[in-house]
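Step one of this worksheet: look at the structure below.
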Amino acid sequence: MLRSTSQSTTGPTPPGCTTDSLAAAITAFRQTLTAGQVLTGEAAGADHTDPYAFTEDGFLPSAVVGPTSVEEVQDVVRIAGEHRVPLWTVSTGRNLGYGGAAPRVSGSVVVDLQRMNRVLEVNTECGYALVEPGVRFSDLYEHLRSNDYPLLMSVPDLGLGSLIGNTLERGFGYTPYGDHSTIQCGMEIVLADGDLVRTGMGAMDGNSAWSLYKGGFGPGHDSLMYQSNFGIVTKMGIWLMPQPEHVTVCMAKARDESDLAALVDTLRPLLIEGTIQSNAVVGNTLAVASMITDRRTWYDGAGAMPEEAIASICHALGLGRWNARFAVYGSKELVEARLTRVRSRFKGIRGLEFVTTEYAGDATADQVHPADRAQMGIPSTDLIRMAGWRGGTPAHTDFSLVCPPTGRDAVAQMQLIRKRVKGYGFDYAGGFTVNPRHAIALALVSFDRDSDDERAKVARMFPELISDAATAGYAPYRSHLAFMDTIADQYGFNDHANRRLNQRLKDALDPSGILSPGKQGIWPPLMR
Ligand code: ADP
């Protein structure tokens, strides 16, 4: 929460900036923004450092500003440009596991957009919403329900974050509209010099297809804003699914550790042909268990949990060694037809248990099992429980590797992640989201934030994981602040032509290098 403060002490001074210029910028922010929207000193650090920090790097802000309008965002970038003070933009700063609201470069001023939190439009005829950065998934959900709009939204694992922050990080949910970058349409952007741009059809005054047609006339710019530091997004269109009559959530529980390949190879054709409309989340026993129980109930020893303990969890909680959750949507007839085809395909996996739960498309949170809420587009905070798996002060960081959606790739990725994670004495609580044309291996590594030993292990393990993955031809799609450069290094085709292109764009759009320096390994000249 942004709180009002009158503190004047600043935190670290960013590179390329003097204490005086930072102080002058902070004074100018205070004079320009409404009272209480500029935090410094301890108040700045309170909610804008990494809650799950594991390195000594700090990633500390010097100040936090909370603009309430597009004009104030423009003022902020102009002041920052004048004083050469780097900014770091967050929508609600809930990028948990990847650095939260903390800036890549210590001393940056965090631009926290949570006060710009209006749902500007909901269109039920064509199914879309236009939102500001501070609109959280839980806010849009409440908005849709309280107005009885017959629309189903997609939510990621944690409903506390914003639609814009999650979408820009290429986050995802679990309904047929779960790939958020593909359902995003049209943006409003403040550039580093304060200019205001609308993309796609929004570039034309009075055009009503801004949130409907991704094109426009000429090059598209929306994707330039993804995981980038080329602008600050102040509005975004997002498509919403018409509420289906019925939803059946399916859980396919595979008995053997070796069933992973068969599970993925069974899912892929069903996903590509569209019989299964949502992605499928395939979690191993510990990934599912860590959302409903804690480790010491089953095993309290050091090192990775032994096989016998995992087997007893499987048995006691009725889980598979691999558990695939997905849903089918539509009229009763369509859902039935989809299910018939899905069931017949899964018969090919020996010993697999197939469980289904039926819901009305307009089921409310209390009518839906907590584990099925994501497939029903209902925000929840259950995943946060995983961070407490190991006990101590809960913290986690995530490793997210992209691969083709094939059994062979899934097995290769699982083996390389499991080997490192277990080697460092952590439990492998992992799995995949399987989509029609890609899968993402996810390993959520939970650790005790108060343990020096565990934090040090996490810091050492991740670069090794990135290197193992690169050797096998894989790379993460998203990263904690600490590893952005290391991961950007892996995208090295033609002597890092991708980096050179990003730098040319950066230099053209933000010559003073004030917007989120270092984001995804994209640095301004001064810090290169
Ligand atoms: P969440 O929505 O989960 O709270 P954040 O607000 O932490 O996510 O945003 C995640 C990342 O996305 C930020 O670290 C930043 O790099 C980028 N980002 C977030 N909001 C914006 C925005 N409005 N404009 C540009 N980049 C943004």
Side-chain angles (χ1 to χ4, degrees), residues 1-2 47-52 59 61 64-70 72-74 76-77 86-105 108-118 131-140 154-173 180-181 184 187-192 196-197 199 221-238 379 381 383-384 398 400 477-484 488 506 509-510 514-522:
M1 283 284 289
L2 278 179
D47 293 314
H48 297 84
T49 49
D50 181 3
Y52 303 147
F59 306 122
V64 179
V65 293
T68 53
S69 66
V70 174
E72 287 193 347
V73 175
Q74 292 174 294
V76 165
V77 296
L87 303 172
W88 179 263
T89 309
V90 298
S91 284
T92 53
R94 301 279 181 163
N95 200 12
L96 300 177
Y98 297 108
R104 172 68 184 84
V105 171
S108 301
V109 172
V110 174
V111 183
D112 185 329
L113 301 171
Q114 64 177 290
R115 289 183 180 202
M116 293 169 65
N117 59 359
R118 288 175 302 164
V131 297
E132 291 188 327
V135 176
R136 298 168 300 180
F137 287 91
S138 51
D139 298 327
L140 183 60
S154 165
V155 295
D157 291 305
L158 281 181
L160 295 173
S162 70
L163 282 109
I164 290 186
N166 174 278
T167 303
L168 293 181
E169 279 294 293
R170 302 200 175 90
F172 50 83
H180 296 165
S181 60
Q184 175 271 317
M187 289 179 182
E188 182 185 80
I189 304 159
V190 172
L191 297 178
L196 186 67
V197 180
T199 65
H221 300 108
D222 288 8
S223 63
L224 282 181
M225 294 300 127
Y226 280 79
Q227 296 190 341
S228 88
N229 47 15
F230 301 153
I232 297 182
V233 178
T234 47
K235 291 182 183 59
M236 184 185 87
I238 190 110
T381 53
L383 193 82
I384 206 89
D398 304 345
S400 319
Y477 84 100
R478 188 173 182 175
S479 154
H480 187 278
L481 299 170
F483 308 119
M484 286 178 174
K506 181 73 179 159
L509 292 171
D510 181 14
I514 54 157
L515 295 182
S516 303
K519 171 82 183 157
Q520 247 63 15
I522 307 170

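In each ligand, atom 1 is the first atom listed, and ligand 1 is the first ligand listed. Fair warning: this is a prediction, and the values are worked out from it, not measured in the lab.
Scanning all heavy atoms of the two residues, the minimum distance from Val77 to Val190 falls at CG2-CG1, 3.9 Å. Contact record, Ile238 with Met236: CD1-CE, 3.7 Å, taken as the closest heavy-atom pair. Across all their heavy atoms, Val233 and Leu113 have their closest contact at O-CD1, 4.0 Å. Among all heavy-atom pairs drawn from Met225 and Ile189, the shortest one is CG-CD1, 3.6 Å. The nearest pair of heavy atoms linking Gly159 to Pro379 is CA-CB, 3.9 Å. Contact detail for Val110 and Val90: the closest heavy-atom pair is CG1-CG2, 3.9 Å.
Ligand 1 is approached by Trp88 to a heavy-atom distance shorter than 4.0 Å. Using 4.0 Å as the threshold, Gly231 has a heavy atom nearer than that to some atom of ligand 1. No heavy atom of Ser516 sits closer than 4.0 Å to any atom of ligand 1.
In this structure, the protein non-hydrogen atom closest to atom 18 (N) of ligand 1 is Thr89 O, 3.9 Å. Of the protein's heavy atoms, Glu169 CG, 3.6 Å lies nearest to atom 11 (C) of ligand 1. Of all protein heavy atoms, the one lying nearest to atom 5 (P) of ligand 1 is Gly93 N, 3.6 Å. Among protein heavy atoms, atom 24 (N) of ligand 1 sits closest to Val233 N, 2.9 Å. Of the protein's non-hydrogen atoms, Gly165 CA, 3.7 Å is the one closest to atom 9 (O) of ligand 1.
At a 4.0 Å heavy-atom cut-off, ligand 1 touches Lys519 through the side chain alone. At a heavy-atom cutoff of 4.0 Å, ligand 1 is contacted by no atom of Leu163, backbone or side chain.
Below 3.5 Å of separation, one finds an N or O of Arg94 facing an N or O of ligand 1. Considering both main-chain and side-chain atoms, Ile164 never comes within under 3.5 Å of ligand 1 through any nitrogen or oxygen pair. Between Gly161 and ligand 1, a contact under 3.5 Å exists for no N or O pair.
A donor-acceptor contact closer than 3.5 angstrom links the side chains of Tyr226 and Gln184.
With salt bridges taken as basic N to acidic carboxylate O contacts below 4.0 Å, one links Glu169 and Lys519.
Within 6.0 Å of CZ in Arg94 there are 12 or fewer heavy atoms belonging to other residues, nucleotides or ligands.
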